[in-house]
Amino acid sequence: MIIRPITDSDLPALQAIAVESGPGFNSLIDDRVFLEQKIAHAMDSFRRSVDAPDREGYLFVLEDPDTGDIMGTTGIEAAVGHRNPLYHFQISHVRHRSPELGLASQQDVLHLCNHYTGCSEVCSLFLRPQFRRANAGRLLSRVRFLFMAQHPERFADTVIAEMRGVSGDNGESPFWQAFQRHFVNLDFETVTRLAGLGHTRAIADMMPRHPIYSRFLDDAAYRAIGEVHQQTRPARQMLESEGFRYTGYVDPFDAGPTLEVRRDDIRSIRDSIGCSVQPLEHTDATLAQAHGTHHHDTIAIANGGVSDFRATVTDQAVYLPRHNRLLVPGHVLEQLNCASGDTIGFTRLSPAAQAAMPQEVSHAL
Ligand SMILES: CC(C)(COP(=O)(O)OP(=O)(O)OC[C@H]1O[C@@H](n2cnc3c(N)ncnc32)[C@H](O)[C@@H]1OP(=O)(O)O)[C@@H](O)C(=O)NCCC(=O)NCCSC(=O)CCC(=O)O
């Protein structure tokens with residue numbers, strides 16, 4: 001499995017993914033012109049020299065190098081909300097209390113806001129069901145943190161993820177239906193498509209102008225607030241294990257939770273190691289084993305490139321902390337387009353393996 005920047009020839013696969021991911025996945029809309037522009041924008045973003053995050057959008061694909069199949073996608077927006085405003089509902093709690101009447105109630109109130117303008121956003125995480133296999137989803141999710149660790153100047157201090165919210169088998173969102181009925185007479189597919197195409201301001205013009213007491217929504221809409229789509233639970237679990245947290249901001253269309261974290265607190269960034277790489281010889285493995293540094297952890301490993309970025313996964317690497325050097329099999333070097341002595345970054349993929357890391361490896365971070 002190789003992760004690389006998307007390119008023109010991936011358009012048919014991206015279009016298939018846009019169809020397979022369905023409505024509610026509004027960073028990938030089934031619209032050929034939109035997808036062509038998205039690829040062109042990503043290619044330009046990877047080529048651009050950057051000293052502060054701006055409008056760049058990085059979109060990567062996961063490829064099976066043996067077959068050429070595109071297995072999935074993963075992306076990062078460098079700074080959201082500048083080109084088109086990004087809206088959320090902020091949930092605040094109010095308490096009504098009357099000592100005279102001896103009554104009290106606690107209410108949740110939704111306020112439309114632009115709280116996350118300027119943050120970086122991880123997005124577009126999708127593994128095609130026919131290509132599901134061990135470590136593919138983890139690599140897709142965590143590779144973005146390796147890229148951020150290697151190119152911090154390209155990203156903001158806060159990173160968010162807008163998780164896909166609840167929708168039914170018919171593709172309708174119970175939360176959106178409440179707004180469709182009273183405010184914006186567009187079905188969920190149409191509204192998420194328009195939002196994905198950048199018309200967020202136009203939709204916001206039609207949304208309620210005053211805070212909403214969430215208990216006034218019908219039960220299905222109320223219950224959807226802050227909940228993820230059942231297919232999105234693994235995506236949420238992976239981000240939460242990286243330190244992402246829900247702090248009460250939800251998507252205005254499906255009420256899916258937005259998770260946030262300080263970039264430097266992301267576990268895969270904190271634990272990533274930058275070092276030189278060398279081909280692994282049998283003697284190295286024996287030597288490392290003798291020094292207790294040979295481990296069979298599964299790691300994600302990336303070259304230091306941007307437009308020529310490559311990442312993959314291996315469980316056959318040997319890290320030599322004293323030399324700050326990673327030894328990998330020759331075919332891994334080839335997959336990464338790396339030569340001996342190049343600088344690479346790596347991070348462990350599985351939480352369990354991270355706990356088992358030798359101390360001296362942790363100290364070398
Ligand atoms: C998200 C992925 C790519 C993940 O791939 P897999 O499902 O193969 O992952 P996996 O390796 O089986 O599981 C990954 C982690 O989730 C845990 N896990 C699995 N099933 C779970 C469940 N039902 N509830 C809670 N956790 C669960 C596993 O134990 C594992 O945790 P450990 O690693 O701790 O062992 C896939 O599920 C997918 O394509 N989903 C449909 C598309 C989607 O909803 N995408 C997110 C949209 S929202 C979005 O894009 C923004 C978010 C983002 O970009 O990250």
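All ligand and atom numbering here is 1-based and tracks the order in the structure. Numbers here are sequence positions counted from 1.
- Taking the six-membered ring for Trp and thresholds of 30 and 60 degrees, Phe216 and Tyr213 have ring planes inclined between 30 and 60 degrees apart.
- A pairwise comparison of heavy atoms in Ser340 and Pro279 identifies OG-CD, 3.5 Å as the closest pair.
- Considering backbone and side-chain atoms alike, Arg133 places every N or O at 3.5 Å or more from each N or O of ligand 1.
- In this structure, Phe155 has its ring center no closer than 6.0 Å to that of His151.
- Side-chain polar atoms of Ser124 and Thr73 form no donor-acceptor pair below 3.5 angstrom.
- The closest heavy-atom contact to atom 36 (C) of ligand 1, among the options Gln231, His229, Arg132, Arg164, comes from Arg132.
- Classified by interplanar angle (parallel below 30°, tilted 30° to 60°, perpendicular above 60°), the ring pair Tyr249/His115 is parallel.
- Between Ser241 and ligand 1, not a single N/O pair is under 3.5 Å apart.
- A donor-acceptor contact closer than 3.5 angstrom links the side chains of Asn324 and Tyr319.
- Listed by number with element, the atoms of ligand 1 under 4.0 Å from a non-hydrogen atom of Ser124 are 50 (O).
- Residue contacts with ligand 1 for Glu162 involve N, CA, C or O but no side-chain atom from C-beta outward (heavy atoms, distance under 4.0 Å).
- Annotation for ligand 1: atoms under 4.0 Å from non-hydrogen atoms of Cys123 are 50 (O), 54 (O).
- Distances shorter than 4.0 angstrom do not occur between any heavy atom of Gln230 and any atom of ligand 1.
- Residue Thr232 approaches ligand 1 through these ligand atoms, each under 4.0 Å from one of its heavy atoms: 43 (C), 44 (O), 46 (C), 47 (C), 48 (S).
- Looking at Arg236 against ligand 1, nothing comes within 4.0 Å, counting heavy atoms.
- Arg267 and Ser241 form no side-chain donor-acceptor contact under 3.5 Å, judged by distance and modelled atom types alone.
- Leu59 pairs in a side-chain contact (heavy atoms from CB on, under 4.5 Å) with only one of the listed residues (Met43, His41, Lys38), which is Lys38.
- Of the candidates Glu121, Met238, Arg144, Met163, Arg144 brings a heavy atom nearest to atom 53 (C) of ligand 1.
- In terms of N/O distances under 3.5 Å, ligand 1 is not approached by Ala161.
- A side-chain N or O of Glu260 and one of Tyr116 form a donor-acceptor pair less than 3.5 Å apart.
- Note: Phe46 and Phe60 meet the aromatic proximity criterion, with ring centroids under 6.0 Å apart.
- Below 4.0 Å from some heavy atom of Gly137 lie the following atoms of ligand 1, by number and element: 4 (C), 5 (O).
- Put simply, the residue from Ile212, Val94, Ile91 that forms a side-chain contact (heavy atoms from CB on, under 4.5 Å) with Val109 is Val94.
- By heavy-atom distance, the residue among Glu242, Gln237, Arg233 lying nearest atom 34 (O) of ligand 1 is Gln237.
- Although no hydrogens or angles enter the test, the distance criterion places a donor-acceptor pair under 3.5 Å between the side chain of Arg128 and the main chain of Ile70.
- Looking at Ser21 against ligand 1, nothing comes within 4.0 Å, counting heavy atoms.
- Contacts with ligand 1 closer than 4.0 Å are made by heavy atoms of both the backbone and the side chain of Pro234.
- If you number the atoms of ligand 1 from 1 as listed, the ones under 4.0 Å from a heavy atom of Arg138 come out as 32 (P), 33 (O), 35 (O).
- Contacts with ligand 1 closer than 4.0 Å are made by no heavy atom of Thr74, backbone or side chain.
- For ligand 1, the polar-atom distance check against Ser141 finds no nitrogen or oxygen pair separated by under 3.5 Å.
- Among the atoms of Phe25, none of the N or O lies under 3.5 angstrom from an N or O of ligand 1.
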